[in-house]
Protein chains: 2
Amino acid sequence: MIRLLLIDDHQMVRLGLSSYFSIQEDMTVVGEAEDGLQGYEIAIKEKPDIILMDLVMEVMDGIESTQKILREWPEAKIIILTSFIDDEKVFPAMDAGASGYLLKTSSAGEIAEAIRSTYNGDPYFETEVTEKLIEHENNKGKLILHDELTNREKEVLQLISQGYSNQEIADALFITLKTVKTHVSNILSKLQVEDRTQAAIYAFRHDLVE
Amino acid sequence: MIRLLLIDDHQMVRLGLSSYFSIQEDMTVVGEAEDGLQGYEIAIKEKPDIILMDLVMEVMDGIESTQKILREWPEAKIIILTSFIDDEKVFPAMDAGASGYLLKTSSAGEIAEAIRSTYNGDPYFETEVTEKLIEHENNKGKLILHDELTNREKEVLQLISQGYSNQEIADALFITLKTVKTHVSNILSKLQVEDRTQAAIYAFRHDLVE
DNA sequence: TTTCTACTCATACTTAAGACTGATTTTTCC
DNA sequence: GGAAAAATCAGTCTTAAGTATGAGTAGAAA
């Protein structure tokens with residue numbers, strides 16, 4: 001019997017899952033939680049075989065909860081069950097040590113299969129997630145332009161992206177205009193752009209602002 | 001007996017809802033669909049009392065489906081049941097003619113209440129949605145700076161936001177550098193910013209790019 | 001018909017931006 | 001302790017950016 005813990009802030013999803021598992025002969029739900037903190041507490045107490053974890057939750061999100069559970073109980077098998085696939089979710093979840101990643105658009109059968117597979121020590125990932133991970137791995141070697149920026153240059157880029165002029169930057173950082181110009185030139189060169197506007201656009205497109 | 005149609009691409013949510021409604025004596029589920037198009041077809045055929053509609057779906061999303069259903073059957077009562085509240089979802093849904101707006105974090109009881117309320121001709125909206133609608137109404141009068149831009153100026157702003165220099169804009173639009181400068185000056189003045197970088201930032205912050 | 005707006009182009013002027021070169025000081029790292 | 005990187009400042013030079021002002025044309029609206 002596979003003992004399951006459901007952590008999801010949508011009552012309807014928990015209800016759907018538990019009513020589905022209730023007709024599966026080899027599975028039973030031993031706990032439900034509506035946020036990551038509650039989920040963590042039940043996980044430590046109940047030691048379920050598999051934890052189904054949502055990511056977006058109040059109080060404590062799924063990533064943090066996953067980390068917290070695994071820190072205390074490293075053998076835990078946690079399957080992320082969430083709505084969307086985006087880089088900001090998938091990679092942190094993987095880094096946190098999740099054993100699986102499923103989309104909520106998955107059918108009941110797929111979810112059951114993922115649970116059985118993970119229970120038998122076989123991690124289960126959505127095809128799209130696998131592709132993302134491979135792509136991410138391929139990008140590991142590639143250099144990201146703005147990683148080359150020094151701390152000071154990053155500060156200056158921030159101010160450029162907020163519409164500051166060179167003189168305003170100089171005043172804000174208590175340095176001379178000349179120094180700001182040097183920084184700006186270096187930034188443009190490192191980001192391979194031609195002017196401060198393109199630098200600001202780069203910052204926005206790469207989510208470096210604020 | 002309130003006859004319900006569930007339209008949601010998450011099987012688990014449909015399962016949760018239908019298993020909850022199965023224990024409600026005054027409700028029954030007469031149909032389920034996993035995308036907006038399917039939902040539309042069933043809606044027209046079954047004419048349910050209340051339609052619970054998700055927004056994010058493949059094939060046809062909830063907004064489009066809502067419009068399509070109401071165009072053909074204006075008396076339909078459609079309650080949006082979705083994960084997030086954001087302006088790009090709430091207002092189009094309201095414009096489409098939804099009779100209610102609920103969050104998936106709502107409890108089963110709240111959902112049932114919303115259904116009964118809507119069934120009795122009383123639209124039901126999540127508190128946060130109501131607040132958004134009021135705020136939106138209050139902003140109706142306020143002028144939005146970039147609404148003042150002419151079509152040509154909007155084109156120029158687009159190119160500025162893509163990092164084009166004035167000369168490049170001139171070449172792209174087959175006009176002289178002088179004319180571009182005129183446009184740029186007018187844009188800066190209308191957006192109340194000081195230079196093209198701030199204009200590009202304005203465009204990014206107001207989601208005008210691409 | 002006339003008025004108004006959008007779009008176009010031009011001249012002249014001012015200045016901030018950016019490139020290039022070179023230099024000093026501090027910090028970091030081996 | 002010494003090499004390397006980061007941060008600072010300066011001088012010079014070129015040009016793109018932006019302002020101000022004026023003006024012509026076409027089309028829409030009144």
Side-chain angles (χ1 to χ4, degrees), chain A residues 140-206 208-210, chain B residues 140-206 208-210:
Chain A
K140 274 278 175 63
K142 294 181 191 167
L143 73 159
I144 296 153
L145 293 179
H146 58 261
D147 281 351
E148 301 293 313
L149 297 179
T150 67
N151 289 332
R152 200 52 157 172
E153 285 161 357
K154 283 175 188 164
E155 278 184 81
V156 173
L157 179 58
Q158 276 301 314
L159 298 178
I160 289 174
S161 309
Q162 281 159 37
Y164 283 51
S165 69
N166 285 341
Q167 186 57 58
E168 287 169 336
I169 294 172
D171 294 342
L173 300 182
F174 304 107
I175 54 181
T176 65
L177 178 60
K178 310 284 185 180
T179 307
V180 175
K181 285 190 172 192
T182 306
H183 287 317
V184 172
S185 279
N186 291 333
I187 291 168
L188 300 186
S189 151
K190 287 184 182 177
L191 297 187
Q192 295 173 20
V193 294
E194 288 167 329
D195 54 47
R196 69 200 299 107
T197 303
Q198 291 183 8
I201 293 168
Y202 180 102
F204 272 89
R205 291 210 189 279
H206 291 80
L208 305 178
V209 188
E210 273 176 326
Chain B
K140 275 276 174 66
K142 294 181 188 167
L143 75 159
I144 296 153
L145 293 180
H146 59 260
D147 281 352
E148 300 294 313
L149 297 180
T150 67
N151 290 331
R152 200 51 156 174
E153 286 162 358
K154 283 175 188 164
E155 279 185 81
V156 173
L157 179 58
Q158 276 301 314
L159 298 178
I160 289 175
S161 308
Q162 281 159 35
Y164 282 51
S165 68
N166 285 342
Q167 186 57 59
E168 287 169 335
I169 294 173
D171 295 343
L173 300 182
F174 303 107
I175 53 181
T176 64
L177 178 60
K178 314 283 185 181
T179 307
V180 175
K181 284 191 174 192
T182 305
H183 287 317
V184 172
S185 277
N186 290 334
I187 291 168
L188 300 186
S189 152
K190 287 183 182 176
L191 298 186
Q192 297 173 19
V193 295
E194 288 167 328
D195 54 48
R196 66 199 301 106
T197 304
Q198 291 183 8
I201 293 167
Y202 180 101
F204 271 89
R205 292 210 189 278
H206 291 79
L208 305 178
V209 188
E210 272 175 329

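Sequence lines set the chain letters: A, B, ... in the order given, protein chains first and strands last, and positions in each chain run from 1.
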Inset, instruction - Please assess E168(B) against L159(B) for the test side-chain contact (heavy atoms from CB on, under 4.5 Å), listing each intermediate value before the final yes or no. - result: CA-CA 9 Å; E168(B) 287 169 335; L159(B) 298 178; over 6 Å; no

Inset, instruction - Sugar-phosphate atoms are those with a prime plus P, OP1 and OP2; base atoms are the rest. Using that split, label each nucleotide of nucleotides 12-30 of chain D B, S or - for protein heavy atoms under 4.0 Å, 5' to 3'. - result: B----BBB-----------

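- Atoms CG and CG, from N186(B) and L157(B) in turn, are 12.5 Å apart once rounded to the nearest 0.5 Å.
- Between the CZ atom in R152(A) and the CG atom in L173(A) there is a gap of 4.5 Å [rounded to 0.5 Å].
- In this structure the side chain of L208(B) never reaches within 4.5 angstrom of the side chain of K154(B), judged on heavy atoms.
- At the heavy-atom level, T179(B) lies under 4.0 Å from base atoms of the strands shown.
- Contact footprint of chain B on DNA chain C: nucleotides with an atom under 4.0 Å from a non-hydrogen protein atom, first to last in 5' to 3' order, dA6(C) to dT11(C).
- Both K190(A) and T176(A) sit near DNA chain D, but only K190(A) has its closest nucleotide nearer the 5' end.
- H146(A) contributes atom NE2, which lies 10.5 Å from atom CD of E148(A) (distance to the nearest 0.5 angstrom).
- Considering only residues two or more places apart in sequence or on other chains, Y164(B) meets the side chain to side chain donor-acceptor pair (under 3.5 Å) condition with none of them.
- Distance NZ/K181(B) to CD/Q167(B): 10.0 Å, rounded to 0.5 Å.
- Side chain of Q158(B) to main chain of E210(B): a donor-acceptor pair is present (N/O by atom type, distance under 3.5 Å, no hydrogens or angles).
- In this structure, L173(A) places its CG atom 15 Å from C1' of dC9(D), rounding to the nearest Å.
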